[in-house]
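In what follows, a structure is listed as structure tokens, so that the remarks can point back to it.
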Amino acid sequence: MSTTSQNPIPVWSKLPKTSKSIFTTMSALAQETNAINLSQGYPDFDCAADLQELVTKYMGLGYNQYAPMAGVSRLLENIANKIDRLYNCELNPTEEITITAGATQAIYTAITSLIRENDEVIVFEPAYDSYVPTIQLSGGKPIYIRLSSPDFSIPWRDVKKLISGRTRMIIINTPHNPTGNVLTKKDYEELMTIVKNSNILLLFDEVYEHIVFDEHQHLSALSFPELRERSLVTFSFGKTFHNTGWKVGYCVAPPYLTKEFRKVHQFITFSVNTPAQYALADYLMDENNYKELSAFYQEKRDFFLDAIKDSRFQFTPAQGTYFQILDYSRISEANDLDFAVELTRKHKVASIPLSPFYSNQQDFTVLRFCFAKKRETLARAAEILNKC
Ligand code: PMP
Ligand code: GLN
């Protein structure tokens, strides 16, 4: 166990190997160096004015006290309607949906409420940063499986091999951060075969459900009854409505899992921002507020990739999310962390190295760039990247 000698009182860290997140680090560096920030995933444009007006309206109407623990019923109902329309999945909003402080809290709560000491949890690498520390805080054991190269697909044969009597959960993120990969129907079928007749729970992180490109389609776990009965599925309004700073998301799970989820949820935050929930409930009524999102971001992805097509960076267009992986091996032999820092300090474009998404910090000479940015931001960044 590690402790730090300068502390006045010894601290036996519960997360000795965890440091400040790479998103925090690179965003801070971008700010310090005045670089164009394509690192941390958030838009550099504002969320809709009418959504902002709705929050103000509900504050003015006095919706300023605690919301019900599970969420404002109007929002729960509107989410249930949306999910039924999109994924052909009928939910009982009072028993199967819980509003959370972003998907981060939904993921944390899902893992904490169901993972016990020594439970094994399968995690695919590169993995979003919150999964592993959360598993570790619950005493669980992450079992790492690397996504196949070069297409970042799930190697189902490895999954079958690594499942043991201790496997309690598999975490799946689709569309996938940081690779942009999207699960296919065949993937879901493989998964169904693997978990059939097991006690394995599934945690689906679907925060980019509305951001998929070209011929790809987001097939939610919620559209497969065999998966749904054992799944907790997390979503984020921040990604869909361009308001990551509001930190509102939700978790969908069958009643027996939601019951456990809420036991923990009530002691993490109890409930989530009331006026924001009322505003989101209204805003969700209009399908156009999320249906156009894929086209909106595809235009940005295509603009960015077209602008750097003659650069020395190499890429395969992202299938979904608002991240694009670029391979810089024709430009530098530096490791990805050093190259990301150099690109930020010297060239003034910040990105995210991929090695922190791997348990062994493996470096594949690729960086992640966020294209949830104004056209002029992407054009300025591309101009710089073309000169590298
Ligand atoms: N999962 C993934 C894959 C993400 O990229 C993010 C980041 N935004 C989250 C979860 C967390 O979402 P939120 O900001 O709603 O907490
Ligand atoms: N999800 C965002 C990203 O991938 C970061 C969110 C955070 O900083 N925790 O960049």
Side-chain angles (χ1 to χ4, degrees), residues 18-31 37-44 47 71 75 79 98-111 123-135 147 152 171-183 203-212 218 220-221 232-252 265 268-269 272-273 276-277 280 290 293 297 318-325 340 344 350-358 366-373:
T18 303
S19 46
K20 201 158 56 181
S21 95
I22 191 67
F23 309 120
T24 306
T25 306
M26 292 310 297
S27 262
L29 187 64
Q31 201 171 8
N37 191 0
L38 306 192
S39 66
Q40 196 174 17
Y42 62 86
D44 72 345
C47 64
L75 179 57
I79 291 171
T98 309
I99 307 300
T100 57
T104 309
Q105 189 233 315
I107 292 161
Y108 185 87
T109 309
I111 294 173
V123 178
F124 297 102
E125 293 189 307
Y128 184 62
D129 71 341
S130 82
Y131 307 150
V132 169
T134 307
I135 295 165
L147 294 176
F152 296 114
I171 303 182
I172 293 184
N173 170 214
T174 184
H176 185 259
N177 178 9
T179 68
N181 224 48
V182 174
L183 247 57
L203 172 56
F204 279 88
D205 178 348
E206 301 189 6
V207 300
Y208 300 101
E209 62 173 331
H210 295 301
I211 314 180
V212 281
H218 175 64
S220 173
L232 300 106
V233 191
T234 63
F235 300 91
S236 170
F237 286 115
K239 304 293 167 186
T240 302
F241 294 144
H242 316 304
N243 54 2
T244 60
W246 288 22
K247 293 298 298 186
V248 187
Y250 51 100
C251 177
V252 179
H265 171 75
I268 292 180
T269 177
V272 173
N273 190 305
Q277 289 197 54
L280 288 163
Y290 51 87
L293 204 62
Y297 276 122
Q319 299 174 356
T321 75
Y322 45 50
F323 303 116
Q324 176 64 47
I325 300 283
T344 312
S351 60
I352 296 284
L354 247 66
S355 54
F357 294 72
Y358 289 91
V366 292
L367 300 174
R368 189 198 81 175
F369 293 78
C370 173
F371 55 81
K373 305 292 165 188

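Owing to the predicted nature of the structure, the values given are computational and were not obtained by experimental measurement. First listed ligand is number 1; within each ligand, the first listed atom is number 1.
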Does [X] approach ligand 2 within less than 4.0 angstrom via side chain, backbone, both or neither, non-hydrogen atoms only?
{"X": "Asn177", "result": "side chain"}
{"X": "Met26", "result": "neither"}
{"X": "Tyr42", "result": "neither"}

Tell me which protein heavy atom sits closest to [atom], plus the residue, atom name and distance to 0.1 Å.
{"atom": "atom 2 (C) of ligand 1", "value": "Asp205 OD2, 3.3 Å"}
{"atom": "atom 2 (C) of ligand 2", "value": "Gly41 N, 3.9 Å"}
{"atom": "atom 8 (O) of ligand 2", "value": "Gln40 NE2, 2.7 Å"}
{"atom": "atom 11 (C) of ligand 1", "value": "Thr104 OG1, 3.3 Å"}
{"atom": "atom 14 (O) of ligand 1", "value": "Lys247 NZ, 3.3 Å"}
{"atom": "atom 12 (O) of ligand 1", "value": "Ala103 CB, 3.5 Å"}

With a cutoff of 4.0 Å, is [X] in contact with ligand 1, counting heavy atoms of the residue only?
{"X": "Lys239", "value": "yes"}
{"X": "Thr321", "value": "no"}
{"X": "Tyr208", "value": "yes"}

Test your reading of the model: is there a side-chain donor-acceptor pair from [X] to the backbone of [Y], 3.5 Å cut-off?
{"X": "Ser21", "Y": "Phe23", "answer": "yes"}
{"X": "Thr24", "Y": "Lys20", "answer": "no"}
{"X": "Asn273", "Y": "Gln277", "answer": "no"}
{"X": "His176", "Y": "Leu183", "answer": "no"}

Verify side chain to side chain donor-acceptor pair (under 3.5 Å) between Thr100 and Gln105, making sure each step is shown before the conclusion. CA-CA 6 Å; Thr100 57; Gln105 189 233 315; 4.7 Å; no
For the rings on Phe237 and Tyr250, is their centre-to-centre separation under 6.0 Å?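 Centroid distance Phe237-Tyr250: below 6.0 Å, so yes.
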Tyr208-Tyr322 aromatic ring centre distance below 6.0 Å: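 Yes: the rings meet the under 6.0 Å criterion.
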So, Ser27 versus Asn37: side-chain donor-acceptor pair below 3.5 Å or not?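 Result is yes, a qualifying pair exists.
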Between Tyr131 and Asp205, does any side-chain donor sit less than 3.5 Å from a side-chain acceptor?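 There is such a pair between these side chains.
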Distance under 4.0 Å to a non-hydrogen atom of [X]: what atoms of ligand 1 satisfy this?
{"X": "Asn177", "answer": "3 (C), 4 (C), 5 (O)"}
{"X": "Ile107", "answer": "10 (C)"}
{"X": "Ser236", "answer": "13 (P), 15 (O)"}
{"X": "Gly102", "answer": "15 (O), 16 (O)"}
{"X": "Asn173", "answer": "3 (C)"}

If you count the atoms of ligand 2 from 1 in the order shown, which ones are under 4.0 Å from a heavy atom of Lys239?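 With Lys239 as reference, the close atoms of ligand 2 come out as 1 (N).
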With Lys239 as the cation and Tyr42 as the aromatic partner, state whether NZ or CZ is under 6.0 Å from the six-membered ring centre and within 45° of the axis.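 Verdict for Tyr42: no cation-pi partner in Lys239.
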Check this for me - ligand 2, Tyr128, N or O atoms closer than 3.5 angstrom, yes or no?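 By distance alone, the answer is yes.
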Ignoring angles and geometry beyond distance, decide whether Ser39 reaches within less than 3.5 Å of ligand 2 through its nitrogen or oxygen atoms.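 No; every N/O pair is 3.5 Å or more apart.
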Do you know which two heavy atoms are closest between Ala101 and Val272, and how far apart they sit?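 Distance-wise, the nearest heavy atoms are N-CG2, 3.5 Å.
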